[in-house]
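Below: the structure, in structure tokens.
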Amino acid sequence: MTRDCTFLVVGGGIAGVSCAETLAICCPTESVLLLTESSIVKSVTNLVPVARYLHKFDVREKNVTELRAGIAHIVDQLEHIASKEHWARTKSGLVVKYRYLCLCTGGAPKLFGPGQEERIIGIRDTDSVLELQRRLASAKDVVILGNGGIASELAHELQSVNVHWVIRDDHISATFVDVGAAEFFQLANKETGLLDTTTASTAIKRMRYDEMLPRAQEQQQIKRGAALGPDWHRSYDLSGAGSSVRSLPKIYSKTHIEKLEELPDALRITLKHDDDDSIEQLSCDFMVSATGVQPRHDYTSDVPLQLAEDGGLLVDEMMLTNLSDVYAAGDVCTAAWSAASKHWFQMRLWTQARQMGAMAGRSMAAALENETIYQDFCFELFGHVTQLFGFPVVLLGRYNGQGLGRDYELLVRCTRNKEYIKFVLQNGRLRGAILIGDTDLAETCENLILNGTDLEPYGDDILNPDIDIEDYFD
Ligand SMILES: Cc1cc2nc3c(=O)[nH]c(=O)nc-3n(C[C@H](O)[C@H](O)[C@H](O)COP(=O)(O)OP(=O)(O)OC[C@H]3O[C@@H](n4cnc5c(N)ncnc54)[C@H](O)[C@@H]3O)c2cc1C
Ligand SMILES: *[C@@H]1O[C@H](CO)[C@@H](O)[C@H](O)[C@H]1NC(C)=O
Ligand SMILES: *[C@@H]1O[C@H](CO)[C@@H](O)[C@H](O)[C@H]1NC(C)=O
Ligand SMILES: *[C@@H]1O[C@H](CO)[C@@H](O)[C@H](O)[C@H]1NC(C)=O
Ligand SMILES: *[C@@H]1O[C@H](CO)[C@@H](O)[C@H](O)[C@H]1NC(C)=O
């Protein structure tokens, strides 16, 4: 069995579908074939611009038969690539001859342990976090493993159970939002009546990096599970009342799992503390493994593909791998240009899966036409729009000081139940921002970051709610 096509795209996630759609638009007369494991694919809907280079959108699942006209599909698995001869073989033995190939096979959640344990759950996206919360309604003790955004979010979200949060690092480091923002969400979501929500007061604070570091003593407390945050937001009054009623997760920092035992009615976990090799045992109803994803490329090729340190397929600005006419996009790939980029870095997110998929599509179309194109402008600036706890969230640039070392300042403005704005400043210039709530600041921040505007002369006024900062710069 053989089949011919100009473009073969593998993977029905956001990256693969965006790539195939771009190709179908750019090259309507060429054949585009999507090879997908499952007949359910992901697609982008309700695309709305938020600023010049930022879009918000929803991810919907749909049947592969509902994709735009011009995209043919095969439901099967890729098994082998013969890059020199330009064909690929599927599990069921179909050989597909292609001119250009794009690998969008995504990632698989890194599950702890050998797999298949009943009581270990891996989660795939934020929606499943909410589903999980429902499932855990009857659970008493839950262990969360991992220190990323997902784990942090879960640790904050699971309120009516005892949460045991196991992390390797010495402090909690939310990769997705910072701790101050997490605190903001928690206060906003706790409508206990203790909070006077009618008088939303606004606080602004500026901090040096040093002030954000946990003190040694505070770290001790965290280890014993007394406090949630390592940190700076404590010196920062989010405005007070009622926060002591929260049940805080118990944090086991600098620990790793030594042993897992599945008992009839519980999971028993043996933890080892890295500092003193001491052992601790925990019992829980479930463990949630939220330790990130692993690029997934479980197929062979005639010539090996070049991999990055994180196991992703290494791609250049045009999303080309080191095999000729073989491209890659989304979670499966690692951007080789990332290190040299001032305002952009790779993060395995829907936003980037869509941008990379579209970029790969345009790049493949250009290769076919012998045209030269440039990398899309979206790769100049990291941007991500999402919704957390009902609030719109915009992340821009180095929003958590990523890669800035110790040389930066934060300027935070917070109004309870309304907004949380954080500017990351370096040498008086905006390098990143977190915007939560309807702040209308996204486009201004894009400009300030990209233009490198010197904000020193404005001092703290750039976040003064009585001054419209857009007026400064328009
Ligand atoms: C727990 C978790 C929570 C997340 N939350 C968010 C969030 O809130 N917001 C956000 O923006 N991002 C989030 N992400 C990240 C986001 O889900 C990914 O970045 C994005 O889905 C990647 O898209 P992709 O198309 O590259 O890969 P995937 O969506 O993984 O798609 C890969 C596709 O390839 C198929 N495939 C794999 N191997 C083969 C093969 N050999 N043959 C055929 N088909 C194959 C798979 O079946 C799949 O359909 C989260 C990720 C995780 C793990
Ligand atoms: C997708 O649609 C096709 C044709 O309508 C149908 O045969 C198939 O069962 C559908 N797949 C799913 C998972 O619903
Ligand atoms: C791609 O990189 C791999 C790993 O470094 C190498 O073995 C292979 O020869 C390279 N292929 C080409 C075509 O350069
Ligand atoms: C692109 O270049 C190749 C090799 O030089 C040539 O065979 C092909 O016809 C060109 N295609 C177009 C669309 O110009
Ligand atoms: C930044 O540059 C953009 C586009 O070049 C321009 O429209 C905008 O006014 C500039 N903004 C600032 C704050 O300099």
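Whatever order the structure lists them in is the order used to number ligands and atoms, beginning at 1. Reckoned from all heavy atoms, side chains included, excluding hydrogens, waters and symmetry mates.
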Q: Tell me, with the steps shown, if Phe7 and Tyr98 meet ring-ring contact (aromatic ring centres under 6.0 Å, His included).
A: CA-CA 6 Å; Phe7 300 110; Tyr98 64 80; over 10 Å; no
**Q.** side-chain hydrogen bond (donor to acceptor under 3.5 Å, both in side chains) between Thr255 and His273, intermediate numbers included
**A.** CA-CA 4 Å; Thr255 50; His273 294 275; 5.4 Å; no
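Per-residue contacts place Val303 under 4.0 angstrom from the following atoms of ligand 3 (heavy atoms of the residue considered): 8 (C), 9 (O), 11 (N). Taking every heavy atom of Pro304 and a limit of under 4.0 angstrom, the matching atoms of ligand 3 come to 1 (C), 2 (O), 3 (C), 7 (O), 8 (C), 10 (C).
Among protein heavy atoms, the minimum distance from atom 5 (O) of ligand 3 is reached at Gln306 CG, 3.8 Å. Looking only at protein heavy atoms, the nearest one to atom 2 (O) of ligand 4 is Asn370 ND2, 2.2 Å. With hydrogens left out, the protein atom closest to atom 9 (O) of ligand 2 is Asn63 ND2, 4.9 Å, a heavy atom. Of the protein's non-hydrogen atoms, the one nearest atom 13 (C) of ligand 2 is Ser39 OG, 3.3 Å. Distance from atom 4 (C) of ligand 2 to its nearest protein heavy atom, with residue and atom name: Thr65 CG2, 4.0 Å.
Of all heavy-atom pairs spanning His55 and Pro49, the tightest one is CD2-CA, 3.7 Å. Of all non-hydrogen atoms in Phe423 and Ala433, the two that sit nearest each other are CD1-CB, 4.1 Å.
Checking atom 11 (N) of ligand 4 against the protein gives a heavy-atom contact under 4.0 Å. Contact annotation for atom 7 (O) of ligand 2: protein absent (non-hydrogen atoms, distance under 4.0 Å).
Using a 4.5 Å cut-off on side-chain heavy atoms (C-beta onward), Tyr299 and His80 make no contact.
Contacts between Asn322 and ligand 3 below 4.0 angstrom, taking non-hydrogen atoms only, involve backbone and side chain alike.
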